[in-house]
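Letters A, B, ... mirror the listed sequences (proteins, then strands); counts begin at 1. Owing to the predicted nature of the structure, the values given are computational and were not obtained by experimental measurement.
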Protein chains: 4
Amino acid sequence: MLNYQPTAWLRNGLRMTEQLDRRQALVHAAFSAIAEHGFEGFRLRPIAAAAGIDHSTLHHYFRTKADLIAAVLEHVTSQFEATMHNDLEPAARLRQHLNEIATAVVVRPELFVVLDELDLRARRDKSTEVDIDHDEQGWRDALAAIFNEGIEQHVWSMNLNVAASVELVIATVKGIRLRPDKAESVVNQLCDLFSPERLTHA
Amino acid sequence: MLNYQPTAWLRNGLRMTEQLDRRQALVHAAFSAIAEHGFEGFRLRPIAAAAGIDHSTLHHYFRTKADLIAAVLEHVTSQFEATMHNDLEPAARLRQHLNEIATAVVVRPELFVVLDELDLRARRDKSTEVDIDHDEQGWRDALAAIFNEGIEQHVWSMNLNVAASVELVIATVKGIRLRPDKAESVVNQLCDLFSPERLTHA
Amino acid sequence: MLNYQPTAWLRNGLRMTEQLDRRQALVHAAFSAIAEHGFEGFRLRPIAAAAGIDHSTLHHYFRTKADLIAAVLEHVTSQFEATMHNDLEPAARLRQHLNEIATAVVVRPELFVVLDELDLRARRDKSTEVDIDHDEQGWRDALAAIFNEGIEQHVWSMNLNVAASVELVIATVKGIRLRPDKAESVVNQLCDLFSPERLTHA
Amino acid sequence: MLNYQPTAWLRNGLRMTEQLDRRQALVHAAFSAIAEHGFEGFRLRPIAAAAGIDHSTLHHYFRTKADLIAAVLEHVTSQFEATMHNDLEPAARLRQHLNEIATAVVVRPELFVVLDELDLRARRDKSTEVDIDHDEQGWRDALAAIFNEGIEQHVWSMNLNVAASVELVIATVKGIRLRPDKAESVVNQLCDLFSPERLTHA
DNA sequence: CATGAATGAGTTTTCATTCAT
DNA sequence: CATGAATGAAAACTCATTCAT
């Protein structure tokens, strides 16, 4: 049961499309181009054209191609200020969080496509790696908090390997990013496996 | 508990580096180049140079860049004739299979890096998509067989969503592909969640 | 009796060689190259070099080779805004017109060489064909006007096949284009055959 | 009234298609390729393929591309051993000859297309020029004979400029080569202009 | 005679970037 | 800010030709 009401982080994304200055227009055009053609086919001229300016003018806003890519990366990570619902109990919070992600994968697939391109790129580009890692750490911490709290509240057994569970969630989300049609069922299956009724009895 | 003894499929892969003709040399060079620089920086001249031939001779073996990429794709997928241990009981088979993958991610990370590049590329290139999908379907079927057999043998509850479980496993593996250091703990955590002692009591 | 005073259309052509901007310089260089080596040996690099620019800069002015050829074609056809001397009586007008062409063949043979190359090329290139045909139609009409007027004024017999005569003139001119040394005598011979004193008595 | 019965020279051409050895097959393939794509697009590989051999084997038969072209030229000129009907009176002979050419232009247009390509090429290639000129000289002589005989027999006035008339005929034929649909009416018009009834009275 | 492999010089075209205006 | 012009390095690909087998 996907919730098509975009959450805070998605509204944030949509709001950006209004009142954007030229710099933002370029970042958006670049973002879309990467989503569509990947970095392999990422060229500056079409970006400038999409923003309605000459391709040499683009260099006024971004000195080099790398600078533009950095801006796109920043744009993408800024979209992931996910809202954790701290009022919910841990298991529900995990489910809610994963469902929001699944929804986002369906509603804004390009965001995840570009993220994947950046993830792959991070292997060759240190600065990309740093930014991505920083962003990911926040997520990692939030997930760890859920599990730790759950263990504290005896929702989950003390034997639960928190670090491994966090990485499992992250890996699953990353693996499902490019398959929107399967996102919902996969996160549900994962939540079911983490379901307290089952695990606490173990 | 990583098993550093490469399995059949990995030995196969390693054996390939000996006694290779020119065509294979080119595929290998291309494979390595993609592993290192991704498709973004994938150029033909260095490939030819690495194989010790003139760049125009490369076109004697592969008419176009796309042809070479197709050969790389084939090379990569041919490495994944994973051995399923059908003698083991389902849960152990799943664990064994995932452990082998985790091992492979550590031992031959480039294989998974290139696979990831191809996965991303498949979004823009139909023929890549077809080949990848075909390959993935075999995997999907093998995993489904594990779960179905497990349910039949009452290892897992009849309520287990087989399709979703299969996709969860696949997503997890894909998500962990680029993080070798976390591969083992993540697959173990996933296997634990699928562990019969827990699920059958639910 | 060649008249070496270039007519309006030739002067126009000669004037073009002064004060030309880069685009024109490229068209001129291309024109000369085609005149000298034909399309068979027509390469872009020497054109750029002749215009004193890098060969990549050429693409700034003409996106493709075909674009440059189109510009050459336009340049060539623009040289043929032949002046018909409507004040003369039909037979004299025909003679005058053909003499001007004969003169031009001698004075600017390259123009006719390139035209011939384009004529042959038109067989394989639709857009070239369209432009050439359009240009030729103007000529055809002007010639038809001469003959029709001549018949009206009883200079020529009503039995004169106008269409065939027009085509005969055109064919003759085309056939003589590459033989400047024979141009004068051929057009004179043709005019003599069309000479009224002879034909009206028939 | 075109005569669609091929004359000796055409039958000759058709006979060639039977019992041809590999060398001839290559020449034929080259001829067709030039007819279709001109020298601009004339490549050896497709020729070899059309003859069913490897492209390097082609060099066994023709050391260089130029050698193959020379063979094509020879093939083409060999097709023009036009039969002059010396039994006819001069004017009829001219008409008969031109009609045969007009027919040929319609029946075997490729022959004339290639001839035109060669004509243009002769401007840059001395050996082509020599062969073409030699061939043309035979034609020139035959035409001159017609006119001279005609003058002798008082068919045409002594004032007729034989050389100019010969060139006029040649120019007309060359000019009409690429326009088969107009060939008949043009040669008829030319013959009419040379018609004795008219000219002798002048 | 036939071929597959190899080459080297060359083709058009692209693209990020710079710079003068 | 904005642009058109220019560049240089490089891209993929082509092709006539040679040579060993």
Length of the [atom1]-[atom2] vector between [X] and [N], whole Å:
X	N	atom1	atom2	value
A/Ile47	E/dT14	CD1	C1'	15 Å
D/His60	E/dC1	NE2	P	8 Å
D/Phe62	F/dT17	CZ	P	13 Å
B/Arg45	F/dC13	CZ	C1'	10 Å
C/Leu58	F/dG8	CG	C1'	15 Å
C/Leu68	E/dT13	CG	P	10 Å
B/Tyr61	E/dT3	OH	P	18 Å
A/Asp54	E/dT17	CG	C1'	13 Å

* C/Ile53 or B/His59: which one's nearest nucleotide on DNA chain F is closer to the 5' end? -> C/Ile53
* To do: Using the closest heavy atom to pick a nucleotide of DNA chain F for each, name whichever of B/Phe42 or D/Ser56 lands nearer the 5' end.
  => B/Phe42
* Modelled atom types, side-chain donor and acceptor of C/Asp125 and C/Thr128, under 3.5 Å -> yes
* For residues D/Phe42 and D/His37, establish whether the separation of their ring centroids is below 6.0 Å. => no
* Tell me the partner of F/dA12, counting only Watson-Crick (N1-N3 plus N6-O4 or O6-N4) or G-U wobble (N1-O2 and O6-N3) with both under 3.5 Å; none if nothing fits. => E/dT11
* **F/dA5: pairing nucleotide in any strand, Watson-Crick or G-U under 3.5 angstrom** => E/dT18
Short side-chain N/O contact to [N] OP1/OP2 from [X], under 4.0 Å:
X	N	value
B/Arg22	E/dA6	yes
C/Thr57	F/dA5	no
C/Arg63	E/dT13	no

* Asked: What are the two closest heavy atoms between A/Leu44 and A/Leu58, and how far apart are they?
  -> O-CD1, 3.9 Å
* Asked: Are B/Arg43 and B/Glu36 ion-paired here, with the side-chain N under 4.0 Å from a carboxylate O?
  -> no
* To do: Measure distances between side-chain N and O atoms of B/Arg43 and base N and O atoms of F/dA10, and say whether any donor-acceptor pair falls under 3.5 Å.
  => no
* **5′-ward residue of the pair A/Lys65/D/His55 relative to DNA chain E** => D/His55
* Asked: Under 6.0 Å from the six-membered ring centre of D/Phe112 and within 45° of its axis: does the NZ or CZ of D/Arg177 meet both?
  -> no
